[in-house]
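Report on the structure given below.
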Amino acid sequence: MSEQGAQRAARGAAAATVVTARLGDRVPDLAALQLLLAVARLGSLGRAARELGISQPAASGRIRSMEQRLGLALVDRSPRGSRLTETGALVTDWARRIVEAAEAFDAGAEALRGRRDSRLRVAASLTIAEYLLPGWLIALRRERPDTAVSLQAGNSTMVADRLLAHEADLGFVEGPGVPQGLGAAVIAQDRLVVVVGSGHPWARRRRPVPADELAATGLILREEGSGTRQVLDAALAPYGGLAAPLLELASTTAVKAAVVSGAGPSVLSELAVSDELAARRLVKVPVEGVRLRRDLRAVWPSGHRPTGPARDLLSLTRRSPGRDGAEAGPADG
């Protein structure tokens, strides 16, 4: 845009601001216009006040204020009632159009809110999606039976990408921190455990595995970007970081199957292996020198706190006691 064009645009914007300010000073508000319409319909300031739920002195004051603002006499008051002046009748016709337009505006906004609140797009990392989210969604359906929920499950990086692209309304992640550009609340804590198949040498081990030995051991792991992998990377960084993976698989189910078969050890959420541990298909191996615990978080785009069904789902997660290894946690903002 040329400098001349920019100046014209600036003058236009300034003029629009002035016109808007002047209208605000001269035009009565909707409450006053609704009162005027009620007086015209009922023929009584007192009845109009009662219909609108205000006192008669307040209604009289509102009419006087409107007349002063417009510089016009609108209502003749007498012991027999209140009657519009000729000017008042003309102003009332205009007021009706304004109120009808406001009602149409409100109806349109309500329709948009209803459309927004009729759906909820959730993105969740796999452990939360499989072991915690179903219970939360069942509870949400009881509270919002008309809300259609869609779920995208993947790793924590995918969840952040969906939220930042406005392709999800609320997300859940398992990583050690909050992805950039997102606000978050801690909703629970989860323990990670070292597990092996029943035939693995570690299954008969009497002493805990030291952190440095765990770091040096090839493990069966989820892919990079998963919350479990991120937590494990951070926990073992002081011991030289993770050794090259024995296997790298894209789902927790695949990792568990490989460990059960005896392919090697892994580190997984206690939520994900509770059934296998109970059935002795997997054995939990104690570890020392490293803290394998993580926060589970709800996340959303920064500056856009969850509203509607997303807010209700977030509330349900905070009320939930979790399952097995997950413990309810506080919000962190």
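This is a predicted model, so every value here is computed, not measured. When reading the values below, keep in mind they use all heavy atoms of this one structure, side chains included, and skip hydrogens, waters and symmetry mates.
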Just verifying a value: how many Å separate [X] [atom1] and [Y] [atom2], rounded to the nearest 0.5 Å?
X    : Y    : atom1 : atom2 : result
T317 : L133 : OG1   : CG    : 9.5 Å
L36  : L70  : CG    : CG    : 9.0 Å
R162 : L164 : CZ    : CG    : 11.0 Å
L221 : L247 : CG    : CG    : 9.0 Å
I220 : S261 : CD1   : OG    : 6.5 Å
R121 : Q152 : CZ    : CD    : 8.0 Å

Tell me whether the count of non-hydrogen atoms from other residues, nucleotides or ligands lying under 6.0 Å of [atom1] in [X] goes above 12.
X    : atom1 : answer
R204 : CZ    : yes
R83  : CZ    : no
E100 : CD    : yes
R205 : CZ    : yes

Minimum heavy-atom separation for [X] to [Y], with atom names?
X    : Y    : value
L30  : I98  : CD2-CG2, 4.1 Å
V299 : A184 : CG1-CB, 3.8 Å
A235 : P238 : O-CD, 3.4 Å
S251 : L126 : CA-CD1, 4.3 Å
A123 : V159 : O-CG1, 3.7 Å
S198 : V283 : CA-CG2, 4.0 Å

Could you check whether any side-chain heavy atom of [X] comes within less than 4.5 Å of a side-chain heavy atom of [Y], counting everything from C-beta outward?
X    : Y    : answer
V99  : L37  : yes
K256 : V273 : yes
V209 : E213 : yes
L219 : P245 : no
L90  : L84  : no
D233 : L242 : yes
L314 : I187 : yes
T252 : R222 : yes

Between H304 and H166, what is the ring plane arrangement, given parallel below 30°, perpendicular above 60°, and tilted in between? perpendicular
E174 and S156: side chain to side chain donor-acceptor pair (under 3.5 Å), yes or no, with the steps? CA-CA 7 Å; E174 309 158 11; S156 295; 5.3 Å; no
Does [X] pair with [Y] as a salt bridge, N-O distance under 4.0 Å?
X    : Y    : answer
R229 : E223 : no
R41  : E51  : yes
R144 : D312 : yes

Side chain to side chain donor-acceptor pair (under 3.5 Å) between R294 and T228, intermediate numbers included: CA-CA 9 Å; R294 62 182 175 180; T228 303; 2.9 Å; yes
Kindly work out whether a path of hydrophobic side-chain contacts (I/L/V/M/F/W/Y, heavy atoms less than 4.5 Å apart) joins [X] to [Y].
X    : Y    : result
V195 : V255 : yes
L192 : L268 : no
L313 : Y131 : yes
V75  : V27  : no
V193 : L236 : no

Please assess S269 against D190 for the test side chain to side chain donor-acceptor pair (under 3.5 Å), listing each intermediate value before the final yes or no. CA-CA 7 Å; S269 165; D190 181 31; 2.7 Å; yes
Any donor-acceptor pair under 3.5 Å from [X] side chain to [Y] backbone:
X    : Y    : result
T147 : R119 : no
T92  : G88  : yes
D295 : R297 : no
Y239 : G289 : yes

Run the side chain to side chain contact (heavy atoms under 4.5 Å, CB included) check on V122 and W136 step by step: do they pass? CA-CA 12 Å; V122 179; W136 299 336; over 6 Å; no
Would R69 and M66 count as a side chain to side chain contact (heavy atoms under 4.5 Å, CB included) if you check the C-alpha gap in whole Å, the side-chain angles of each, and the deciding distance to 0.1 Å? CA-CA 5 Å; R69 173 172 288 194; M66 181 164 46; 5.7 Å; no
Pair L72, E67 - check side chain to side chain contact (heavy atoms under 4.5 Å, CB included), show working. CA-CA 5 Å; L72 300 169; E67 290 175 326; over 6 Å; no
Candidate pair R293 and Q189, rule side chain to side chain contact (heavy atoms under 4.5 Å, CB included), full reasoning: CA-CA 7 Å; R293 184 181 289 270; Q189 288 191 322; 3.9 Å; yes
Centres of the W300 and F172 rings: under 6.0 Å? no
